[in-house]
Amino acid sequence: MGFADQRFNVNLSILFTELPLLERPAAAAAAGFTAVELWWPWVDAPVPERSELDALKHAIEDAGVRLTGLNFYAGRLPGPDRGALSVPGEESDRFRANIDVAADFAASLRCTALNALYGNRVEGVDPAEQDALALENLVLAARAADRIGAVLLIEALNRPESPLYPLVSAPAAVAVVDRVNEATGLGNARFLMDLYHLSMNGEDLPSVIDRFASRTGHVQIADNPGRGAPGTGSLPLEDLLDQLNKAGYDGWVGLEYKPGDRPSAEAFDWLPR
């Protein structure tokens with residue numbers, strides 16, 4: 001067991017960001033990866049020009065890598081936002097406008113995992129109102145994901161870095177997964193287990209894996225502290241991934257860490273070849 005037994009994909013929204021977007025898929029392929037994932041690449045455009053969508057699609061195809069995960073529109077990310085779907089007004093409208101665009105783009109590349117970040121609490125807005133709006137939007141997203149044969153991912157972030165984000169524990173995110181599945185009857189909402197975020201929240205990671213591995217649709221990793229590559233912090237990531245594997249998780253593991261003060265291509269020396 002260990003890192004050599006995992007299927008890793010690289011997140012092109014946090015690694016290889018020293019390169020223009022359209023050059024990143026080829027850089028990931030040159031580093032030995034066969035699969036990539038992305039946050040929504042157009043921060044200010046939930047509905048980009050067709051030419052921009054086509055250019056990214058061709059860059060991924062020409063690199064010979066597979067797109068295995070894509071975020072729906074999530075506002076300014078990286079930046080102050082943590083999603084749009086629970087934010088009343090213009091941001092919710094932008095999320096809804098993006099749903100079919102993101103799903104169709106994912107389908108064009110046979111991507112079967114779509115991540116919907118919940119969004120921050122808004123001062124002066126009743127949290128119950130935000131939660132009701134979130135459920136409406138997540139139901140729409142789940143139906144769009146189902147239309148293309150994809151799962152809808154719901155992610156817990158961490159309170160120190162995202163103090164206004166309400167889903168800052170595994171149970172909180174899984175509770176939303178349950179509400180969405182109950183509302184749609186589709187059963188395609190799944191937990192995105194990011195071991196870095198959960199560790200930042202002080203959660204017992206072996207216990208989280210025991211409880212929620214069967215509910216997990218995707219896993220992401222970074223070491224802690226620092227959100228760097230495995231081995232730069234103190235998380236026993238090999239052991240945790242082994243535990244996930246033994247619990248039945250056989251999906252992709254997304255590398256969502258910062259390369260540090262070196263080019264991204266040099267940030268994979270921990271990875272068995």
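Just so we're clear, the structure is a prediction, and the values are computed from it rather than from any experiment. Start at 1 with the first residue, then count along the sequence.
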Practice item. List the steps and the verdict of side chain to side chain contact (heavy atoms under 4.5 Å, CB included) for Phe191 and Leu153. Key: CA-CA 6 Å; Phe191 176 43; Leu153 299 172; over 6 Å; no
Point to revise | Thr184 backbone acceptor or donor facing Arg143 side chain under 3.5 Å | key: no
**Study point:** Pair Arg7 + Asp250: basic N to acidic O under 4.0 Å
**Key:** no
Study note, to complete from the structure: Rounded to the nearest 0.5 Å, the CG atom of Leu38 sits from the CG atom of Leu12 at a distance of 5.0 Å
Practice item. With salt bridge (Lys or Arg N to Asp or Glu O under 4.0 Å) as the test, would you mind laying out the steps for Arg262 and Asp269 before giving the verdict? Key: CA-CA 12 Å; Arg262 53 184 172 171; Asp269 50 358; 3.6 Å; yes
**Study point:** Short side-chain to backbone donor-acceptor contact, Glu37 and Val10, under 3.5 Å
**Key:** no
Exercise for review: Assess whether atom CD of Glu52 is packed by more than 12 heavy atoms of other residues, nucleotides or ligands within 6.0 Å.
Suggested key: yes
Point to revise | Under 3.5 Å donor-acceptor, Thr17 side chain and Ser13 backbone | key: no
Check your understanding: Is atom CZ of Arg110 surrounded by more than 12 heavy atoms (other residues, nucleotides or ligands) closer than 6.0 Å?
Key -> no
Exercise for review: Could you tell me whether the side chain of Thr112 and the main chain of Thr68 form a donor-acceptor pair under 3.5 Å?
Suggested key: no
Check your understanding: Mind checking whether Ile209 and Met193 have side chains closer than 4.5 Å, heavy atoms only?
Key -> yes
Check your understanding: Within the distance-only criterion (no hydrogens, no angle test), does the side chain of Trp40 pair as donor or acceptor with the backbone N or O of Ala45 below 3.5 angstrom?
Key -> yes
Point to revise | Main-chain N/O of Leu67 paired with Asn9 side-chain donor or acceptor, under 3.5 Å | key: no
Check your understanding: Which value, rounded to the nearest 0.5 Å, describes the distance between Leu255 atom CG and Leu15 atom CG?
Key -> 7.0 Å
Review point. Do Ser92 side-chain atoms and Gly89 backbone N/O form a donor-acceptor pair below 3.5 Å?
Key: no
Check your understanding: For Phe8 and Trp252, what are the C-alpha separation, side-chain angles and deciding distance, and is it a ring pair (Phe, Tyr, Trp, His ring centres under 6.0 Å)?
Key -> CA-CA 6 Å; Phe8 292 109; Trp252 293 93; 9.2 Å; no
Check your understanding: Are the side chain of Tyr165 and the backbone of Tyr118 linked by a donor-acceptor contact shorter than 3.5 Å?
Key -> yes
Check your understanding: How long is the span from the OG atom in Ser199 to the CG atom in Asn158, to the nearest 0.5 Å?
Key -> 8.0 Å
Practice item. Kindly determine whether Ser169 and Asn201 satisfy side chain to side chain donor-acceptor pair (under 3.5 Å), including the steps that lead there. Key: CA-CA 7 Å; Ser169 72; Asn201 288 326; over 6 Å; no
Exercise for review: Start with the C-alpha distance between Arg227 and Glu256, add both sets of side-chain angles, then the distance that settles side chain to side chain contact (heavy atoms under 4.5 Å, CB included), and finish with yes or no.
Suggested key: CA-CA 8 Å; Arg227 199 172 184 174; Glu256 198 184 47; 3.1 Å; yes
Review point. So, Ser162 side chain and Arg159 main chain: donor-acceptor pair closer than 3.5 Å or not?
Key: no
Practice item. Flag the pair Phe95 / Phe72 as yes when their ring centroid distance falls below 6.0 Å, and as no otherwise. Key: yes
**Study point:** Ile148 reachable from Val180 in the ILVMFWY side-chain graph, under 4.5 Å edges
**Key:** yes
Practice item. Let me know which of Val219, Leu241, Leu271, Leu244 forms a side-chain contact (heavy atoms from CB on, under 4.5 Å) with Gln6. Key: Leu241
Review point. Just by distance, do the side chain of Gln130 and the backbone of Val122 share a donor-acceptor pair under 3.5 Å?
Key: yes
**Study point:** Distance, nearest 0.5 Å, that separates CD of Glu203 from CZ of Phe212
**Key:** 8.5 Å
Review point. If you measure from the Lys or Arg side-chain nitrogens to the Asp or Glu carboxylate oxygens, is any gap between Arg94 and Asp44 under 4.0 Å?
Key: no
Review point. Would one find more than 12 heavy atoms of other residues, nucleotides or ligands at under 6.0 Å from atom CZ of Arg121?
Key: yes
Check your understanding: Do Val168 and Val174 belong together in a cluster built from hydrophobic side chains that touch within less than 4.5 Å?
Key -> yes
Point to revise | From OH (Tyr73) to CH2 (Trp42), nearest 0.5 Å | key: 14.0 Å
Check your understanding: Checking side chain to side chain donor-acceptor pair (under 3.5 Å) for the pair Asn71/Asn115: CA distance, chi angles, key distance, verdict?
Key -> CA-CA 4 Å; Asn71 281 21; Asn115 184 28; 3.2 Å; yes
Practice item. Ignoring hydrogens and angles, state whether a donor on the side chain of Tyr196 or Glu161 is under 3.5 Å from an acceptor on the partner side chain. Key: yes
Review point. With a 4.0 Å cut-off, would you call Glu155 and Arg82 a salt bridge?
Key: no
Point to revise | Distance in Å, Ile154 CD1 paired with Leu114 CG, rounded so as to fall on 0.5 Å steps | key: 12.0 Å
